[in-house]
Amino acid sequence: MIIPENKNHQQNTHSLGDAINVIHFIRSVNPALGGPIQGIKSLTEAAQGSLVTKIVSLDDPNDTWVKECPIPVIAVGPGFGTYGFSFLALKRLKKRIKSTDIIIVNGIWQYSSILGMRFAKFLGTPMYVFTHGMLDPWFKKQYPLKHIKKTLYWAIGDYQVLKHATAVIFTTQLECELARQSFPWRYQVKEF
């Protein structure tokens, strides 16, 4: 994995044998909801010990799927509604995690992306955003009411998440090019 350099972050001095500490931010680790959780599991398995992975989710710590997740989960919820907003999430994180090498925000349009950005700023840690295709402009035509809601989310925070990311990760060049069309205003992204 090639990781773009963050000039604002103090360089870590990992030797080849050292594992990199990664914290993934995600709305929920509930496998029934689908989404990025399987990708996090696959990446962790493929890393074969070169990454020490933890997940921050907005789940309730007592949820069954939190307890059954094969990766350590720091559940700082419950978050309210599908967006997952939690007044206490950042405070709970600050008490439990003092440092990490990398933060990866999985997805946007939910409070976990804002929380990941705020926590990365607090720690002074590089933050990468994996959009998982969530900036594809097809939703503008397919779901115009959802687009109105996403425009509001974009204006109040998600554009900031992408702007402050060390890099925004796309799986293909086409996905990257299409993402530019979703919200051309305030689209300030370091694409990778």
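On a predicted model such as this, the values are computed, not experimentally measured, just so you know.
Annotation: the span from Thr100 atom OG1 to Ile20 atom CD1 amounts to 10.0 Å, rounded to 0.5 Å. Note: Thr172 OG1 to Glu177 CD = 8.5 Å, rounded to the nearest 0.5 Å. To the nearest 0.5 Å, atom NE2 of residue His24 and atom OG1 of residue Thr53 are 5.0 Å apart. Once rounded to the nearest 0.5 Å, the distance linking CG of Asn106 with CD1 of Ile40 reads 4.0 Å. Interatomic distance, Gln181 CD to Lys140 NZ, rounded to the nearest 0.5 Å: 7.5 Å. Atom-to-atom distance recorded for Ile26:CD1 and Ile104:CD1 is 11.5 Å, nearest 0.5 angstrom.
In this structure, Lys141 places its NZ atom where only 12 or fewer heavy-atom neighbours from other residues, nucleotides or ligands lie under 6.0 Å away. At most 12 heavy atoms of other shown residues, nucleotides or ligands fall within 6.0 angstrom of atom NZ in Lys54.
A distance-only check finds a donor-acceptor pair linking the side chain of Asn30 to the backbone of Ala32 [under 3.5 Å]. Judged purely by atom type and a 3.5 angstrom limit, Ser86 has no side-chain atom pairing as donor or acceptor with the backbone of Gly77. Here the side chain of Arg92 pairs a donor or acceptor atom with the backbone of Val76 at under 3.5 angstrom.
Cluster annotation: Leu93 is connected to Phe122 through the hydrophobic network of ILVMFWY side chains, with a link wherever side-chain heavy atoms come within less than 4.5 Å. Side-chain heavy atoms closer than 4.5 Å link hydrophobic residues (I, L, V, M, F, W, Y) into clusters, and following such links, possibly through other members, connects Ile114 to Val56. Taking hydrophobic clusters as Ile, Leu, Val, Met, Phe, Trp and Tyr residues chained together by side-chain heavy-atom distances below 4.5 Å, Val129 shares a cluster with Leu123. Both Trp65 and Val73 belong to a single network of hydrophobic side chains, linked directly or stepwise wherever heavy atoms of I, L, V, M, F, W or Y lie under 4.5 Å apart. Residues Trp138 and Leu178 fall into different hydrophobic clusters, defined by Ile, Leu, Val, Met, Phe, Trp and Tyr side chains chained together at heavy-atom separations under 4.5 Å.
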Checking side chain to side chain contact (heavy atoms under 4.5 Å, CB included) for the pair Val105/Met117: CA distance, chi angles, key distance, verdict?
-> CA-CA 8 Å; Val105 171; Met117 177 189 69; 5.9 Å; no

Verify side chain to side chain contact (heavy atoms under 4.5 Å, CB included) between Ile23 and Ile97, making sure each step is shown before the conclusion.
-> CA-CA 10 Å; Ile23 298 177; Ile97 301 173; 3.6 Å; yes

Apply side chain to side chain contact (heavy atoms under 4.5 Å, CB included) to Leu90 and Leu115, showing your working.
-> CA-CA 7 Å; Leu90 186 60; Leu115 179 63; 4.0 Å; yes

Val66 vs Val29, side chain to side chain contact (heavy atoms under 4.5 Å, CB included): CA-CA, chis, key distance, verdict = CA-CA 7 Å; Val66 169; Val29 297; 4.1 Å; yes

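Considering all non-hydrogen atoms of both residues, Cys69 and Lys41 come closest at SG-CE, 4.4 Å. Closest non-hydrogen pair, Val168 versus Ala165, comes out as CG2-CB, 4.0 Å. Smallest separation of non-hydrogen atoms from Met127 and Ala120: CB-CB, 3.7 Å. Here the closest heavy-atom approach between residue Pro61 and residue Ala75 is recorded as CG-O, 3.5 Å. The minimum heavy-atom distance between Ser50 and Ala47, with the atom names listed, is OG-O, 2.8 Å. Closest of all the heavy-atom pairs between Phe192 and Ala167 is CB-CB, 3.9 Å.
Asp158 pairs in a side-chain contact (heavy atoms from CB on, under 4.5 Å) with only one of the listed residues (Ile108, Leu152, Thr131, Thr151), which is Ile108.
For Tyr153 and Tyr83, the ring centers sit closer than 6.0 Å to each other.
Arg27 has its side chain out of reach of Trp109: every pair of non-hydrogen atoms, C-beta onward, lies at least 4.5 Å apart. Looking at Leu162 and Leu135, their side chains come closer than 4.5 Å, going by heavy atoms from C-beta outward.
Below 30°, between 30° and 60°, or above 60°: for Phe139 and His147 the angle between ring planes is between 30° and 60°, a tilted geometry. Ring-plane geometry between Trp154 and Tyr159 is classed as tilted, the angle between the planes lying from 30 to 60 degrees on a 0 to 90 degree scale. Ring geometry for Phe25 versus Phe119: interplanar angle of 30 to 60°, hence tilted. The aromatic rings of Phe85 and Phe87 lie perpendicular to each other, with more than 60° between the two planes, well past the 30° mark.
A donor and an acceptor atom, one from each side chain of Asp59 and Ser28, are located under 3.5 Å apart.
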